[in-house]
Every structure is written in C-alpha cells, then in structure tokens.
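Presented below is the structure to which this report refers.
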Amino acid sequence: MNKPEAKTQDPIKKISYIGVGANLNNPHSQVQNAISLLAELPDTQLVQSSSLYQSSPMGPENQPDYVNAVVKLETQLAAFSLLRELQKIENAQGRIRNSERWGPRILDLDILLYNDEIISEPELTIPHYGMRQRNFVLIPLFEIEPTLMLPQEQPLAALLDTVNTSGIRKL
Ligand code: ROI
C-alpha cells in the first residue's frame, strides 16, 4: 500500500498570528512587501495587519533598529505547511541564514500562535518561544487583538503589563 501523503491542508480554518521583523535593506519595504505576500498565501486569507513599529534591537545592540508588525491570518494550511510558506517568502526576499545568534536580518517571519495549539518540535515551537517577553510582538498583537487569550488561559493584556514598553514607536 502507498504511504499516505503528509496532510498539508485541513478544511477547518485556523487563526494564526505571524510576527514580521526586518532591520536590513530598507526594512520598512521588506515588511510591507512581506505583508502583501502573506495576503497571497494559498488557502489563506489575511484578516488584519497591525501598524508598523520601529523598535530597538533585542540582542546585540550594534545593529540597526527593526521594523516590526503582526498579521492575523485565517488559514487551512497545516502548521508545518504554513512554516514552509513563510520560509519561502523569507528566502524570496533574500534572507541569508547565518550562524550569528540574534544578528541582523532582512526578514523574519515567525508563527506566533496557531489556533490554541501547543507545538513543541525541533523546527517549530508554538506559541513562539520568545513572544511573551517581546514588546515588538506584544504591542502590535495587542493593537489588532486586545482581548486575545493565549493557550492555557493567558490573557495578552496581562503579558503586556509585564514588558518594558520603551524603545518602540508606531510608524
Ligand atoms: N529585535 C527587535 N526589536 N525586533 C525583532 O524583530 C527582532 N528579531 C530578532 C532579534 C535578533 C531577537 N531581535 C529583534 O530575531
């Protein structure tokens, strides 16, 4: 018997929030362009996107400020298929993967949440492992979804109270 194909699509729509970040090669256009490409993903609708924000770098300070945004998608793609699609967009925009931890990047697309699923795989951790500490994720997410609950009944508004909100401004 043939091995069944890995399931890439599910008729049930999932809500997923994507973190977008860039700090090289005109980051403002990188982020805008990435948002237009997210709107064209297969089996996916872009529901809303946040304003763009300028934020000081988390990690090494000798790199340019970032432009960040968060996008809300409704998708029938499975989480790993969505990940592959995001990697395609990163690569198409010229992202070079190097070994420097927390170094500058042309474009970063992170799945922050995927419905209320918890995924712990080497390649994919959802909720995104750093999102609860990152003002450049929580602030744009709050702009589009102020009443959002993270998995395990964690209100976004409560998380936002725990982070420093300096070093970030709406563009
Ligand atoms: N810092 C900011 N401000 N914004 C980011 O998107 C961002 N992304 C990263 C690291 C290097 C952790 N720092 C960041 O990957």
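Order of appearance sets the numbers: ligands from 1, and atoms from 1 within every ligand.
Looking at E85, its side chain never comes within 3.5 Å of a backbone N or O of P42 through a donor-acceptor pair. Judged by distance alone, the side chain of N135 and the main-chain N or O of T165 form no donor-acceptor pair under 3.5 Å. Side-chain N or O atoms of S120 include none that pairs as donor or acceptor with a backbone N or O of T125 at under 3.5 Å.
Close contacts of ligand 1 with P57, meaning ligand atoms under 4.0 Å from a residue heavy atom, involve 1 (N), 3 (N). Counting atoms of ligand 1 from 1 in the listed order, those under 4.0 Å from a heavy atom of D108 are 15 (O).
The side-chain heavy atoms of E117 and I126, taken from C-beta on, include no pair separated by under 4.5 Å.
Within the 4.0 Å heavy-atom criterion, the part of S56 lying near ligand 1 is the backbone and not the side chain. With a 4.0 Å heavy-atom cut-off, ligand 1 is reached by no atom of I168. Heavy atoms of N68 found under 4.0 angstrom from ligand 1 belong exclusively to the side chain.
Taking any N or O of S55, backbone or side chain, at least one lies under 3.5 Å from an N or O belonging to ligand 1.
The shortest contact between atom 9 (C) of ligand 1 and any protein heavy atom is with Y66 OH, 4.0 Å. Taking atom 13 (N) of ligand 1 as the reference point, the nearest protein heavy-atom neighbour is M58 O, 2.8 Å.
The hydrophobic cluster containing L112 does not contain V47, counting ILVMFWY residues as joined when their side-chain heavy atoms lie under 4.5 angstrom apart, directly or transitively.
Residue L86 is tested with V20, D110, L38, D108 for a side chain to side chain contact (heavy atoms under 4.5 Å, CB included); the sole match is L38.
For G59, the closest heavy-atom approach to ligand 1 does not fall below 4.0 Å.
The CG atom of D65 lies 15.5 Å from the OH atom of Y53; values are rounded to the nearest 0.5 Å.
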